[in-house]
Amino acid sequence: MRKQIAAANWKMNCTLQEANNLLNALSEKSFDLSADQEVIIAVPFPYLLLAREQLKAKAQFYVSAQNCYTKDSGAYTGEVSAAMLQSAGITHVIIGHSERREYFSESNAMLAEKINAALSKGLTPVFCCGEALAVREADGQENYVSQQILESLFHLNANEIESVVIAYEPIWAIGTGKTATSDQAQQMHAHIRKVLSDKYGDETANKISILYGGSVKGDNAAELFSKPDVDGGLVGGASLKADEFGKIINSLKKS
Ligand code: PGA
């Protein structure tokens, strides 16, 4: 089975003390992860090394950044490069979260460059896509998401795209408490897999994990993850509580 992944996206939350407490609480929990299950914790930049240290004994737990810049180094005040993340032992990076697209004007073309930057340093990008409410109300979601994938990922070869994790996050479901139904999620995930298969073939498409994000909670995760093309979740609000996120981890499909 392709990897089943529970990914936490803390966004811009937690003081250092709170981050420490949350990491402690997570590290004290024991999980019965099978070989194809993974947990990714995406924390703010100042807490990356702390998270790495706190979680180092947890097998199949990985620490992720929430963003990186397109360039390796230079006069780009305030930015953080994939090369820096790699040198700090970080293995994953979220690319193209809808909040980055909306508040920081990240375009599909810029995200293609960020994907390249991440892959060139051996980082696993968690590439986010998803439509706004108006697009769904006009039934344009499939074309919209196809276009995001085409413009940011389709320059990659099959080997490269196999290293990318995709997260489908409908914007209308993020932080709103309004989760997509498991059928809506499955429909879009199957569409994404078909788009990947048309370009790269079935074998490659079937290896790529596609996560659902948008108001995933402890009590809806099992139903969402039960769908055949939903390979886990990218979790915001509910990842800030260790018990709740623990429940989500325990909801991943077992092979
Ligand atoms: P949410 O956020 O779980 O709080 O809806 C998900 C995300 O934006 O990754």
Side-chain angles (χ1 to χ4, degrees), residues 3-14 18-19 22 26 38-45 47-48 51 61-68 90 92-106 111 114-115 118 123-133 135-136 141 144-145 148-149 152 164-182 184-186 188-189 192 209-225 227 230-252:
K3 288 221 162 68
Q4 304 294 303
I5 301 171
N9 175 12
W10 288 10
K11 308 192 180 185
M12 196 177 74
N13 289 299
C14 296
E18 289 164 346
L22 180 49
L26 273 176
E38 257 176 39
V39 178
I40 300 172
I41 312 285
V43 304
F45 290 127
Y47 312 147
L48 284 169
F61 272 61
Y62 298 90
V63 176
S64 175
Q66 300 173 8
N67 179 34
C68 70
I90 302 306
H92 292 67
V93 58
I94 298 175
I95 301 285
H97 190 281
S98 60
E99 288 148 18
R100 302 278 335 156
R101 294 171 184 266
E102 183 179 350
Y103 305 135
F104 303 95
S105 308
E106 297 194 354
L111 297 175
K114 291 192 172 196
I115 291 280
L123 301 177
T124 299
V126 179
F127 174 76
C128 301
C129 55
E131 80 287 353
L133 185 60
V135 175
R136 181 156 284 257
Q141 66 272 16
Y144 187 87
V145 168
Q148 288 180 317
I149 290 174
S152 299
V164 177
V165 172
I166 295 179
Y168 167 60
E169 300 204 304
I171 297 169
W172 46 270
I174 295 178
T176 58
K178 196 169 179 276
T179 320
T181 65
S182 56
Q184 283 173 322
Q186 168 57 26
M188 178 58 87
H189 286 222
I192 293 172
S209 300
I210 307 176
L211 316 185
Y212 167 79
S215 299
V216 176
K217 309 273 181 242
D219 59 9
N220 62 21
E223 163 67 18
L224 286 158
F225 301 170
K227 295 293 174 181
V230 179
D231 307 313
L234 179 56
V235 186
S239 73
L240 296 170
K241 295 185 199 108
D243 285 348
E244 180 93 1
F245 190 59
K247 219 170 147 188
I248 294 170
I249 295 173
N250 286 327
S251 303
L252 290 172

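In listed order, ligands and their atoms are each counted from 1. Positions are given from 1 along the sequence.
Ring pair H189/Y168 is perpendicular by interplanar angle, where above 60° counts as perpendicular and below 30° as parallel.
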- Message: side-chain contact (heavy atoms from CB on, under 4.5 Å), that's the test. Do Y62 and T124 meet it? Break it down for me.
- Response: CA-CA 10 Å; Y62 298 90; T124 299; over 6 Å; no
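For residues 234-249, the set of pairs meeting the side-chain hydrogen bond (donor to acceptor under 3.5 Å, both in side chains) definition, not counting sequence neighbours, comprises K29-D243.
No donor-acceptor distance shorter than 3.5 angstrom exists from the side chain of R136 to the backbone of Q141, with no hydrogens or angles considered.
Taking a heavy-atom cut-off of under 4.0 Å, ligand 1 is surrounded by N9, K11, H97, E169, A173, I174, G175, G214, S215, L234, V235, G236, G237.
For H97, there are no ring pair (Phe, Tyr, Trp, His ring centres under 6.0 Å) partners at least two apart in sequence or on another chain. Scanning for side-chain hydrogen bond (donor to acceptor under 3.5 Å, both in side chains) contacts around K11 gives E99, with sequence neighbours left out.
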